[in-house]
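Structure first, then comments.
When reading the values below, keep in mind they use all heavy atoms of this one structure, side chains included, and skip hydrogens, waters and symmetry mates. Predicted model, so just to flag it, every value in this text is computed and none were measured.
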Amino acid sequence: GCDAELLHDEDRVCGPCGAVLAQGGARRCAKCGAEISRERRTRGSCPTCRDRAFAFRRVVVALRYRGPVRAVVLAIKFGRRCDGVDVLAARLEAVLREQRVDARIDVVVPIPLHPLRRMTRGFDQAELLARALARRLGKPCLRFALRRRRHTRRQATLRRGDRAENVRASFAPGVLAFRVRGRRVLLVDDVLTSGATAHTAASVLLECKARTVTVAVAARG
């Protein structure tokens with residue numbers, strides 16, 4: 001999170017960064033995961049998604065994408081510091097259990113990178129997170145339920161209005177897509193921004209006859 005030197009009794013993160021990672025979640029819209037005020041939560045109104053429809057049922061967010069959380073995510077993606085995956089998986093597991101979502105899922109599916117991007121990076125961070133989370137939850141992880149067929153631009157580099165078009169028709173069923181039929185799917189990614197990527201991926205899973213799709217992300221941008 002901050003590259004501070006760790007003492008022998010510390011595990012992966014220092015005290016200050018660990019305190020941030022252990023913080024309780026903000027008030028969030030159950031539909032899109034965006035932070036919302038107490039007043040809007042009471043009214044059931046979220047300005048981020050009130051006029052939008054998603055293929056997934058709900059979004060579960062573990063942490064805010066800022067400070068040491070952002071540092072851990074970027075260290076995994078671009079610094080190959082994959083020891084941070086277990087840190088994020090542990091917090092996401094805790095939130096899923098707190099919200100009792102863990103009992104309402106059957107399989108875990110990562111949102112896949114395009115093969116070219118995976119080859120360049122050397123790994124898929126969402127797959128690593130999904131595998132770690134699946135182990136903690138005792139659920140099967142179906143890496144090949146989805147495949148990415150279009151090499152799109154990074155969502156974080158685009159304006160919100162361009163993100164849906166960027167990922168349109170970018171996913172297709174994978175060789176294990178048949179295993180989601182009739183099952184409740186937990187769709188996992190590291191960071192959610194507009195929700196366009198998760199919506200497109202969830203749409204394909206529903207076309208493959210998944211019973212429901214819930215999105216779980218380590219952080220929301």
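Other residues, nucleotides and ligands contribute at most 12 non-hydrogen atoms within 6.0 Å of the CZ atom of Arg70.
Under the side-chain hydrogen bond (donor to acceptor under 3.5 Å, both in side chains) criterion, Asp124 pairs with no residue at all, not counting sequence neighbours. Every salt bridge (Lys or Arg N to Asp or Glu O under 4.0 Å) that Asp86 has, sequence neighbours left out, goes to Arg12. Asp51 meets the salt bridge (Lys or Arg N to Asp or Glu O under 4.0 Å) test with no other residue; sequence neighbours excluded. For Tyr65, there are no ring-ring contact (aromatic ring centres under 6.0 Å, His included) partners, not counting sequence neighbours. For Ala4, the side chain to side chain contact (heavy atoms under 4.5 Å, CB included) partners are Cys2, not counting sequence neighbours. Every residue two or more places apart in sequence or in another chain that forms a side chain to side chain contact (heavy atoms under 4.5 Å, CB included) with Ala34 is listed here: Cys32, Cys46, Thr48, Arg220. Partners of Glu207 by side chain to side chain contact (heavy atoms under 4.5 Å, CB included), not counting sequence neighbours: none found.
The CZ atom of Arg80 sits 11.5 Å away from the CD atom of Gln125 when rounded to the nearest 0.5 Å. Considering OG of Ser170 and CZ of Arg149, their distance stands at 8.0 Å, rounded to 0.5 Å. The distance from atom CD of Gln99 to atom OG1 of Thr214, rounded to the nearest 0.5 Å, is 10.5 Å. The distance from atom CZ of Arg50 to atom CD1 of Ile36, rounded to the nearest 0.5 Å, is 11.5 Å. A distance of 13.0 Å separates CZ of Phe56 from OG1 of Thr212, quoted to the nearest 0.5 Å. For the atom pair Phe54 CZ and Cys49 SG, the distance stands at 5.5 Å (nearest 0.5 Å).
Between Val215 and Ala198 the shortest heavy-atom distance is CG2-CB, 3.9 Å. Here the closest heavy-atom approach between residue Val95 and residue Ala62 is recorded as CG2-CA, 3.9 Å. Here the shortest heavy-atom pairing between Val213 and Ala202 reads CG1-CB, 3.8 Å. Across Leu96 and Ala216, no two heavy atoms sit closer than the pair CD2-CB, 4.3 Å.
No side-chain heavy atom of Phe171 sits under 4.5 Å from any side-chain heavy atom of Arg147. The shortest distance between side-chain heavy atoms of Val61 and Leu192 does not fall below 4.5 Å. Proximity of Ile111 to Thr197: side-chain heavy atoms (C-beta onward) are separated by under 4.5 Å at one or more points. For the pair Leu88/Val73, a side-chain contact is recorded, criterion being any heavy-atom separation below 4.5 Å from C-beta on. Within the 4.5 Å cutoff, no side-chain heavy atoms of Arg27 are placed close to those of Glu35. In this structure, Leu6 and Cys14 have side chains that are in contact, with non-hydrogen atoms separated by less than 4.5 Å. Using a 4.5 Å cut-off on side-chain heavy atoms (C-beta onward), Leu113 and Arg121 make contact.
Residues Phe123 and Val72 are members of one and the same hydrophobic cluster, defined by side-chain heavy-atom contacts under 4.5 angstrom among Ile, Leu, Val, Met, Phe, Trp and Tyr. Under the 4.5 Å side-chain heavy-atom criterion for Ile, Leu, Val, Met, Phe, Trp and Tyr, Phe78 and Met119 are members of distinct hydrophobic clusters.
Of the possible polar contacts, one joining the His199 side chain to the Ala55 backbone as a donor-acceptor pair under 3.5 Å is found. Remark: side-chain polar atoms of Arg28 are not paired, donor with acceptor, to backbone N or O of Val59 under 3.5 angstrom. Checking side-chain atoms of Arg91 against main-chain N and O of Val87 turns up no donor-acceptor pair under 3.5 Å.
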Report the C-alpha separation of Ile76 and Val85 in whole Å, then their side-chain angles, then the decisive distance to 0.1 Å, and conclude whether the side-chain contact (heavy atoms from CB on, under 4.5 Å) test is met.
-> CA-CA 7 Å; Ile76 295 169; Val85 170; 3.9 Å; yes
Could you go through residues 172-188 and list every donor-acceptor pair under 3.5 Å that involves a side-chain atom there, pairing it with any protein atom two or more places apart or in another chain?
{"unit_1": "Arg184", "atom_1": "NE", "unit_2": "Asp106", "atom_2": "OD2", "d": "3.1"}
{"unit_1": "Arg184", "atom_1": "NH2", "unit_2": "Asp106", "atom_2": "OD1", "d": "3.0"}

Which atom pairs, one a donor and one an acceptor, fall under 3.5 Å between side chains of residues 126-146 and the rest of the protein, sequence neighbours left out?
{"unit_1": "Glu127", "atom_1": "OE1", "unit_2": "Arg118", "atom_2": "NH1", "d": "2.5"}
{"unit_1": "Glu127", "atom_1": "OE1", "unit_2": "Arg118", "atom_2": "NH2", "d": "3.3"}
{"unit_1": "Glu127", "atom_1": "OE1", "unit_2": "Arg143", "atom_2": "NE", "d": "3.3"}
{"unit_1": "Glu127", "atom_1": "OE2", "unit_2": "Arg131", "atom_2": "NE", "d": "3.2"}
{"unit_1": "Glu127", "atom_1": "OE2", "unit_2": "Arg131", "atom_2": "NH2", "d": "2.9"}
{"unit_1": "Arg136", "atom_1": "NH1", "unit_2": "Glu93", "atom_2": "OE1", "d": "3.1"}
{"unit_1": "Lys139", "atom_1": "NZ", "unit_2": "Ile105", "atom_2": "O", "d": "3.1"}

